[in-house]
Amino acid sequence: MGPKIRCTVGATQAIPIHARWYYGDFGPTLDGHTTQSRREAMTGVVEYLLANPIFLLPLLLLAASLAYAILKKLLKMVAIVVIAGALYVVLVEYIGSGL
C-alpha cells in the first residue's frame with residue numbers, strides 16, 4: 001500500500017496517494033497543507049518583503065546578477081553561432097561546395 005496523506009478538513013483520514021488528483025487546488029497534500037494555505041503563506045512572505053525593502057534588496061540583486069550571467073552566456077553562444085555561420089557562408093561562397 002502506498003503512502004497515506006492527512007485530510008485537513010474534519011477528522012484526520014488516510015487517503016491513498018493515487019486519489020490526490022481528485023482534490024484539485026484545495027485538497028490535502030502529502031504534508032497535510034492545502035495549496036490555498038501555501039498560497040496565503042507565500043502572499044504573506046511577499047507582503048513582508050515589500051514592507052521591508054532591506055530584505056528585498058539582496059534578493060533582487062541576486063536575481064539581477066543571475067539574469068545577467070544567463071544573458072551573458074547566451075549572448076556569447078549567439079556570437080559564436082553568428083561567427084560560425086558567417087565563416088560557413090564565406091567558405092561556401094569563395095571556395096565553393098565542391099560539387
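Keep in mind that the numbers below use all heavy atoms, side chains included, and drop hydrogens, waters and symmetry copies.
Going from atom CG of Leu62 over to atom CG of Leu57 covers 11.5 Å, rounded to the nearest 0.5 Å. To the nearest 0.5 Å, the span separating OH on Tyr48 from CG on Leu56 amounts to 11.5 Å. Here Glu47 contributes atom CD and Glu40 contributes atom CD; the two are 10.5 Å apart, rounded to the nearest 0.5 Å.
Heavy-atom contacts from other residues, nucleotides or ligands closer than 6.0 Å to CD1 of Ile54 number 12 or fewer.
Both Leu50 and Val45 are part of a single hydrophobic cluster, where members link through side-chain heavy atoms under 4.5 Å apart. If you chain together hydrophobic residues whose side chains sit under 4.5 Å apart, Tyr68 and Leu66 never meet in one group. Cluster membership for Leu74 and Val82, using ILVMFWY side-chain heavy atoms within less than 4.5 angstrom, is not shared.
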